[in-house]
Amino acid sequence: MKITAIKGMSDILPPESSVWRGVEEKVRQIFDSFGFEEIRTPIVEPTELFVRSVGETSAIVEKEMYTFEDKKGVSLTLRPEGTAPVVRAYIENGLQAKYPVAKLCYFGPMFRYEQPQKGRSRQFFQIGAELLGAESPMADAEMLILLKNIFSGLGIEDVRFEINSLGCAVCRPKYLEAIHGFMKGKEKKFCDDCQKRAKKNPLRILDCKKEPCRELTEAVSTISDFWCEACRKHYREVRGLLLAGHVPFKENTRIVRGLDYYCRTAFEVLCDRLGAQNAVAAGGRYDGLVKDLGGPDIPGVGFAIGMERLTLLAPLIHDSRPTIHEPMFFALLGSEAEQAALSVIQELREKSLRVESAYGGSLKSQLRRADKLKAKWVVILGENEVKKGVAIVKNMHDGKQNEILMGRLVGELSK
RNA sequence: GUGGCUAUAGUGUAAAGGUAGCACAAGAGGUUGUGGUCCUCUUUGUACGGGUUCGAAUCCCGUUAGCCACCCCA
């Protein structure tokens with residue numbers, strides 16, 4: 001009985017981990033350019049945090065959370081998303097007093113108990129960004145521009161941006177009422193799922209993929225008919241800024257978010273290469289959330305990118321640190337040679353050079369190893385060399401080799 | 001949670017109820033201590049548990065996992 005990873009949670013091994021690192025490095029550079037700083041929050045939070053923010057009737061809270069009791073009987077939950085913990089930390093640490101506008105980003109695992117498939121696992125990684133304290137459409141637009149920079153920075157050109165406005169606490173209720181009114185008397189014509197949605201999350205009906213439901217909802221007035229003047233203006237300005245910022249987008253009045261806290265701007269970044277799970281990033285504005293969680297009345301806007309999906313789209317990105325290429329290799333024969341080499345190896349590594357060696361084996365096998373590691377320089381040290389106080393330095397590209405005094409080795413190799 | 005497809009060395013693939021094989025990868029060696037090409041050798045496998053059968057990788061059932069779709073979402 002071997003022990004295996006649990007369903008929906010996978011290991012990220014080399015060389016794939018190199019893609020992850022390359023992607024993360026690139027994204028961090030771009031975050032830097034926008035002034036976002038990293039926040040690291042715990043992976044476990046009180047269950048109530050997600051119930052109150054994501055929403056009791058959301059699919060996440062209803063059936064997807066990893067919830068358990070600790071030894072004192074307190075209900076804890078493995079975070080299913082990143083925004084609520086960041087907002088909790090923002091309030092708890094009084095960041096509104098420290099930053100007029102807080103720009104925070106995070107990288108880390110999220111957990112949802114779902115049926116795994118490609119691009120969807122139970123532990124999955126997200127890269128997220130939250131901008132707190134700005135109500136201006138400029139904030140919404142910058143988040144989308146930031147996303148655009150990330151995708152183009154990674155060489156991903158075949159994504160499309162879709163945006164919508166979900167209205168606010170003033171105008172959205174009126175729209176929900178209109179949907180209910182529209183459905184009245186013809187509930188039976190909708191699919192089972194939509195009949196459930198009518199009660200829990202009416203907006204989702206617009207998102208149904210079944211043809212009969214789509215046809216029925218063609219006749220529903222779109223949310224744009226219900227926007228209040230403030231929402232209308234906000235949305236118009238966001239679109240104007242996106243045009244100015246060269247973010248190509250498509251308006252899609254059927255975009256709905258699965259989390260209750262969103263209002264006004266909602267957006268998704270989609271790609272056809274991902275199959276059914278075609279969203280690689282999504283986000284929106286959440287102006288009431290900070291207040292709902294017990295903080296001051298501060299607006300926010302944010303997004304999350306699915307790391308697994310992102311690496312699926314950018315498989316050619318790799319860790320680009322120069323030191324990992326062309327390592328030096330020390331072929332050591334016998335324990336005396338190992339002892340003699342150690343301080344030289346240490347000095348070279350202190351200069352951030354990559355130094356490899358085998359852990360035993362014949363000279364032949366050690367050189368084979370050096371070749372596989374693509375080492376350019378190999379230092380050969382055996383009994384004869386130790387006695388003479390020299391080392392053989394071999395250039396693997398042209399096969400030439402020279403004897404170098406041990407004392408001059410570091411200088412020669414770090415040239 | 002629902003439905004469908006799949007499961008053979010590390011990877012990719014053969015074996016149509018009768019000896020589990022091939023390629024690549026990995027490791028050792030090819031006369032004292034010199035890599036790549038080449039040659040030889042070696043390691044590693046029928047996901048797990050039952051059943052049918054003289055005999056199962058192959059047929060059946062269950063479990064697990066992966067994939068595809070629904071649901072949902074990143």
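Lettering follows sequence order; numbering is per chain, from 1.
Taking only distance into account, the side chain of Arg368(A) meets the base of G29(B) through a donor-acceptor pair shorter than 3.5 Å. Counting distance only, with no hydrogens placed and no angle test, the side-chain atoms of Gln366(A) and the base atoms of U34(B) include no donor-acceptor pair under 3.5 Å. Residue side chain Lys394(A) reaches the base of U34(B) through a donor-acceptor N/O pair under 3.5 Å, judged by distance alone.
Here, A57(B) and G1(B) have their P atoms 32 Å apart, quoted to the whole Å. Between U58(B) and A20(B), the two P atoms lie 13 Å apart (nearest whole Å). G17(B) and C59(B) have their C1' atoms separated by 8 Å, given to the nearest Å. If you take atom C1' in G45(B) and the same atom in A23(B), they sit 15 Å apart, rounded to whole Å. With P as the reference atom, G21(B) and A9(B) are 14 Å apart, rounded to whole Å. Comparing the same atom, C1', in A14(B) and in C67(B) gives a spacing of 22 Å after rounding to whole Å. Using atom P as the reference point in both A7(B) and C48(B), the two lie 14 Å apart (nearest Å). For the P atoms, the distance from U8(B) to G3(B) is 25 Å, rounded to whole Å.
With a cut-off of 3.5 Å on both pairing distances, A15(B) has no Watson-Crick or G-U wobble partner at all. Using the Watson-Crick or G-U wobble rule with both distances under 3.5 Å, U58(B) pairs with nothing in any strand shown. Remark: C24(B) base-pairs with G10(B). Criterion, Watson-Crick or G-U wobble with two distances under 3.5 Å. Pairing of G66(B), defined by two Watson-Crick or G-U wobble distances under 3.5 Å, is identified with C5(B).
Ion pairing between Glu37(A) and Lys103(A) fails under the 4.0 Å rule for side-chain N and carboxylate O. A salt bridge is absent between Lys351(A) and Glu347(A); no separation between the charged side-chain nitrogens and carboxylate oxygens falls under 4.0 Å. Checked for salt-bridge contact, Arg354(A) and Glu356(A) meet the test: a charged N lies under 4.0 Å from a carboxylate O. Ion pairing between a basic and an acidic side chain is recognised when a charged N comes within 4.0 Å of a carboxylate O; Lys387(A) and Glu385(A) show no such pairing. Salt-bridge annotation for Glu114(A) and Arg122(A): absent, with no side-chain N of the basic residue lying under 4.0 Å from a carboxylate O of the acidic one.
Each of G1(B), A26(B), G33(B) was ranked by its minimum atom distance to the side chain of Glu385(A); first place goes to G33(B).
For CZ of Arg408(A), the number of neighbouring non-hydrogen atoms (other residues, nucleotides, ligands) closer than 6.0 Å is 12 at most.
Following rounding to the nearest Å, Leu367(A) (CG) and G27(B) (C1') show an atom-to-atom distance of 16 Å. One atom, CG of Leu373(A), and another, C1' of G35(B), lie 11 Å apart when rounded to the nearest Å. When rounded to the nearest whole Å, the span between CZ of Arg369(A) and P of G36(B) equals 14 Å. Between Leu363(A) atom CG and G30(B) atom C1' the separation is 15 Å, expressed in whole Å. For the pair Asn384(A) CG and U34(B) P, the computed distance is 12 Å after rounding to whole Å. Here G36(B) presents its P atom at 7 Å from CG of Asp371(A), a figure rounded to the nearest Å. Following rounding to the nearest Å, Lys364(A) (NZ) and G33(B) (C1') show an atom-to-atom distance of 11 Å.
Looking at heavy-atom distances under 4.0 Å, Gly399(A) makes contact with a base.
Relative orientation of the Phe303(A) and Phe31(A) rings is parallel, given thresholds of 30° and 60° on the angle between their planes.
Atom CZ in Phe329(A) sits 10.0 Å away from atom CD1 in Ile380(A) (nearest 0.5 Å). The structure places CD of Glu81(A) at 13.5 Å from CZ of Phe111(A), a figure rounded to the nearest 0.5 Å.
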List the protein contact pattern of nucleotides 64-74 of chain B with one symbol per nucleotide (5' to 3'): B for base contact, S for sugar-phosphate-only contact, - for none; contact means a heavy-atom distance under 4.0 Å.
-> -SSSSBBBBBB
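Residues Ile392(A) and Lys372(A) each lie close to RNA chain B; by heavy-atom proximity, the contact nearer the 5' end of the strand is made by Lys372(A).
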